[in-house]
Amino acid sequence: MKIDFTGKKALVTASTAGIGFAIASGLAESGAEVVINGRSQETVDKAIARIKTQLPEAKLIAAAADLSTAEGCQQLVSKVPDVDILVNNAGIFGPADFFETDDQTWDTYWATNVMSGMRLSRAYLPAMQAKQWGRVVFISSESGRNIPDDMIHYGVTKTAQLSLSRGLAKRVAGSGVTVNSVLPGPTLSDGFKAMIADEVEKTGKSYEDIGKDFVMAARPSSIIQRPASVEEVANMVMYVCSEQASATSGAALRVDGGVVDDIV
Ligand code: NAD
């Protein structure tokens, strides 16, 4: 199978680091024109420079915007009014006990992880329907099915994305536009590395080894028994964005290393 995105414009939200950066790089390498988004112009410019080092021919558009607000989403849509592929990757995570999680935290998680994808889907889906082609992907998480007791506020947003994605797929039924979600498990992204940085410093072990220890302790049902790389997650996303994935819509696709102990 040869995946080719030539002629397609893709927006990957929060693509200056982590999984989003890997998805944006992969799409650009396969011919797409890619919109790079992050909160500041500086991080966006740095991400673009990083991709250009590997891929000098890459077609990239800079679009700094904070997607945790309605204004930020509107700013992005005004700058980039039309896309063929929308990857709703923006998401924050971190442990916090339920009884110590205040309303402000719940609101911030909901706004960043759920409302951003809802607002952008509402803005971009009508033109995709009119063109009879489009791809929308929500980056959810195994935590949307396997709710961690120390990240309930996060798990709730990731379950909500599954519901939003499935509902939207049905809303655009028969249009040639697909809407899916991808569920990564623990993935060695920049954000995940920041979460385990203290442990790396304390023990002198590598990020890979501490990541593996985390998986074995916190997600022992993992079949691969290690975190995924950001590229492994990006590969699944690239497939579902491709022409070849035209019969997959309304699906929740796992790239969780088998963490969710279920047969589907
Ligand atoms: P990351 O922290 O490595 O990178 C996140 C990027 O998002 C950063 O570039 C950051 O600047 C940007 N960002 C944060 N808030 C933003 C906002 N309001 N507007 C625009 N950009 C913003 O994150 P990651 O680990 O790559 O996670 C990406 C997605 O994958 C998230 O939705 C996360 O929930 C999901 N996910 C991650 C893991 C994991 O283990 N890393 C597992 C399952 C799901």
Side-chain angles (χ1 to χ4, degrees), residues 11-25 35-48 50-51 62-76 79 87-95 107-117 119-120 137-148 151 153-162 164-165 181-197 207 210-212 214-215 218-219 222 224 226-234 236-237 252-257 259-260:
L11 163 60
V12 184
T13 65
S15 43
T16 55
I19 294 171
F21 180 83
I23 298 168
S25 307
V35 181
I36 304 294
N37 159 256
R39 278 164 296 182
S40 73
Q41 190 62 47
E42 193 192 342
T43 54
V44 169
D45 290 345
K46 272 193 189 151
I48 288 182
R50 230 176 111 198
I51 297 175
D66 181 343
L67 302 180
S68 66
T69 66
E71 298 72 39
C73 291
Q74 189 47 52
Q75 208 181 318
L76 178 55
K79 171 138 182 116
V87 181
N88 289 309
N89 168 71
I92 48 173
F93 52 90
D107 286 347
T108 305
Y109 269 74
W110 187 257
T112 311
N113 296 6
V114 183
M115 294 299 279
S116 61
R119 290 180 173 125
L120 296 176
V137 182
F138 287 84
I139 308 301
S140 174
S141 169
E142 52 89 18
S143 297
R145 292 190 64 200
N146 192 23
I147 318 299
M151 290 210 279
H153 55 299
Y154 174 69
V156 167
T157 65
K158 293 288 146 179
T159 311
Q161 285 183 304
L162 299 178
L164 181 56
S165 168
S181 47
V182 166
L183 286 70
T187 305
L188 260 189
S189 66
D190 299 276
F192 184 82
K193 283 182 179 167
M195 226 166 66
I196 60 173
Y207 279 102
I210 295 292
K212 206 173 156 93
F214 170 87
V215 167
R219 302 288 188 277
S222 170
I224 62 171
R226 61 170 176 82
S229 69
V230 290
E231 290 79 17
E232 286 175 310
V233 174
M236 171 71 95
V237 178
L253 304 165
R254 293 167 52 187
V255 56
D256 65 356
V259 163
V260 176

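Read the numbers this way: they start at 1 and go in the same order the structure lists the ligands and their atoms. Since we're looking at a predicted model, the values are computed, not measured. Side chains included, hydrogens not; waters and symmetry mates left out as well; all remaining heavy atoms used.
Residue contacts with ligand 1 include S140, since one of its heavy atoms falls under 4.0 Å from the ligand. Ligand 1 has at least one atom lying under 4.0 Å from a heavy atom of A65. Residue contacts with ligand 1: E142 is excluded, as none of its non-hydrogen atoms falls under 4.0 Å. The shortest separation from a heavy atom of I139 to ligand 1 is under 4.0 Å, placing the residue in contact. Under a 4.0 Å heavy-atom criterion, F21 is not in contact with ligand 1.
Taking each of F138, F93, Y154 in turn, the one with a heavy atom nearest to atom 34 (O) of ligand 1 proves to be Y154. Comparing S141, A63, G185 against atom 38 (C) of ligand 1, the shortest heavy-atom distance belongs to G185.
Remark: ligand 1 atoms within the under-4.0 Å shell around heavy atoms of P184 are 43 (C), 44 (C). Proximity to D66 (heavy-atom distance under 4.0 Å) selects the following atoms of ligand 1: 17 (C), 18 (N), 19 (N). Listed by atom number, the atoms of ligand 1 under 4.0 Å from S68 heavy atoms are 18 (N).
Below 3.5 Å of separation, one finds no N or O of P186 facing any N or O of ligand 1. Where the criterion is an N or O separation shorter than 3.5 Å, residue side chain and backbone included, G20 fails it with respect to ligand 1. Remark: ligand 1 and T112 share no N or O pair separated by less than 3.5 Å (distance only, no angle test). Where the criterion is an N or O separation shorter than 3.5 Å, residue side chain and backbone included, R39 meets it with respect to ligand 1.
Proximity of atom 5 (C) of ligand 1 to the protein is not indicated, since no non-hydrogen protein atom lies closer than 4.0 angstrom.
With S15 contributing its side chain and N37 its backbone, the two residues share a donor-acceptor pair below 3.5 Å.
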